[in-house]
> 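If you scroll down you'll find the structure; I have some questions about it.
Since the structure is predicted, the reported quantities are computational estimates derived from the model, not experimental observations. In what follows, every heavy atom counts, from backbone to side chain, and hydrogens, waters and symmetry copies are set aside. Throughout, protein chains are lettered first and strands after them, A, B, ... in sequence-line order, and every chain is numbered starting at 1.
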Amino acid sequence: MSWNIFPDRMVHLLEQTLTWRSRRQEIIAGNIANLDTPRYTRKELNFNKLLTAHLQGVPTVRLAATHAGHLPGKPAGTLGAVEHTRNSVDLDQEMVQMAENQLGYQASVQMLNKKIDQIRTVLEGDKS
Amino acid sequence: MNILKTLDICSSGLTAQRQRLNVIAENLANSHTTRTPQGGPYCRKHVVLATRPAEEFASCLEDSVKVAVTDIAEDRQGGRPEYDPGHPDADDKGMVNYPNVNPVTEMVSLTLASRAFDANVSVFRAGRAMALKALEIGR
């Protein structure tokens with residue numbers, strides 16, 4: 001019997017969001033660390049684009065598995081979502097993006113907690 | 001782990017900026033040094049920064065990159081001749097070749113380096129806050 005504890009794909013989406021957010025944080029950290037590196041151009045993880053692509057369920061290309069022993073391989077994840085802008089690093093811009101990213105991360109964690117709380121309430125029933 | 005990589009990248013930035021501060025301090029301290037073991041006046045030094053792959057065996061084509069000091073190079077401009085006939089290192093025309101250190105330039109670089117250091121500290125704090133928040137999941 002397939003019993004899905006999370007009827008909607010919410011938890012999965014939140015989990016994905018957290019992964020992207022931390023990836024984005026990493027890229028912002030790289031940009032800021034290279035503030036003074038000559039000829040370094042800033043990189044950007046377009047979060048909105050990733051989210052839209054995820055929600056619309058972008059078709060992914062898979063290799064045909066003609067044998068039971070064929071392994072599917074690792075999903076692409078954030079591959080190709082990082083854009084190389086040709087601009088130099090602007091500290092203010094990076095700081096704003098980082099703050100936004102951090103808030104988004106905290107919001108996702110909070111949402112995830114609420115979701116888990118809901119499930120816990122259901123599991124524990126009316127205890128009072 | 002992802003978040004720890006962020007902290008690692010920040011620390012590379014902190015190290016690079018600190019090294020830059022050291023070199024600026026050296027330049028300022030030696031702004032009037034006329035004698036060095038190599039002979040001649042002190043030469044102003046520059047820090048050359050370059051990107052490094054975020055993980056030991058990853059390539060530089062990866063998305064996130066650390067920073068590192070690759071070289072501490074000497075300034076290509078010559079010394080700053082000044083008329084000071086009483087100085088023991090003055091030549092027969094009374095000119096002393098002082099180092100080409102401009103305190104104003106150094107102070108500006110100092111401010112830039114310290115701001116960049118602050119920026120890296122902020123990123124570190126944000127990364128740590130995110131990691132702590134992630135620990136709250138399901139609590």
> If we define contacts as heavy-atom pairs under 4.5 Å, which of A/Val109, A/Ile32, A/Asn34 has the most with chain B?
A/Asn34

> Below 4.5 Å from any heavy atom of chain A, which atoms of B/Ser12 appear? Answer side chain, backbone, both or neither.
side chain

> For the atom pair CG (A/Leu35) and CD (B/Gln17), what is the distance rounded to the nearest 0.5 Å?
7.0 Å

> Could you give the distance from CG (A/Leu103) to NZ (B/Lys133), rounded to the nearest 0.5 Å?
10.5 Å

> Same cluster or not: B/Val123 versus B/Val121, using hydrophobic residues (I, L, V, M, F, W, Y) connected whenever any side-chain heavy atoms lie under 4.5 Å apart?
no

> Counting distance only, does the side-chain N/O of A/Arg120 pair as donor-acceptor with the main-chain N or O of B/Gly138 below 3.5 Å?
yes

> Got a second to check how far B/Leu49's CG is from A/Arg39's CZ, nearest 0.5 Å?
11.5 Å

> Nearest 0.5 angstrom please: B/Lys5 NZ to A/Glu26 CD, how far?
4.0 Å

> Donor-acceptor check, side chain of A/Asp36 to backbone of B/Ala113, threshold 3.5 angstrom: yes or no?
no

> Which atom pair, heavy atoms only, marks the closest approach of B/Thr6 to A/Ser22?
OG1-O, 4.2 Å

> When clusters are formed by joining ILVMFWY residues with side-chain heavy atoms under 4.5 Å apart, either directly or through shared neighbours, do B/Leu132 and A/Tyr105 land in the same one?
no

> Contact part of A/Gln110 toward chain B, heavy-atom cut-off under 4.5 Å: side chain, backbone, both or neither?
side chain

> Give the minimum heavy-atom separation between B/Val65 and A/Lys43, together with the two atoms involved.
CG2-NZ, 3.9 Å

> What residue in A/Ser108, A/Ala33, A/Gly30 has the most heavy-atom pairs under 4.5 Å with chain B?
A/Ala33

> Atom CE of residue position B/Met95 - does it have more than 12 heavy atoms of other residues, nucleotides or ligands inside 6.0 Å?
yes

> Sort B/Ala119 into side chain, backbone, both or neither according to what part of it lies under 4.5 angstrom from a heavy atom of chain A.
both

> Return the option, out of A/Lys114, A/Met95, A/Glu94, with the maximum number of heavy-atom pairs under 4.5 Å with chain B.
A/Met95

> Tell me the closest heavy-atom pair linking B/Ser122 and A/Met98, and the distance in Å.
O-CE, 3.9 Å

> What heavy-atom pair brings B/Ile137 and A/Leu18 nearest, and what distance separates the two atoms?
CD1-CD1, 3.7 Å

> Check the hydrophobic clustering (I, L, V, M, F, W, Y; side-chain heavy atoms under 4.5 Å; chains of links allowed) and say if B/Val69 and B/Val48 are grouped together.
no

> Please say yes or no: joined through hydrophobic side-chain contacts below 4.5 Å, possibly via intermediate residues, are B/Val67 and B/Ile72 part of one cluster?
yes

> Decide if atom CD of B/Gln77 counts as having more than 12 heavy atoms of other residues, nucleotides or ligands within a radius under 6.0 Å.
no

> Can you name the closest pair of heavy atoms from A/Gln25 and B/Gly127 and give their distance?
NE2-N, 3.6 Å

> Is there a continuous path of hydrophobic side-chain contacts, each under 4.5 Å between heavy atoms, that joins A/Met10 to A/Ile116?
yes

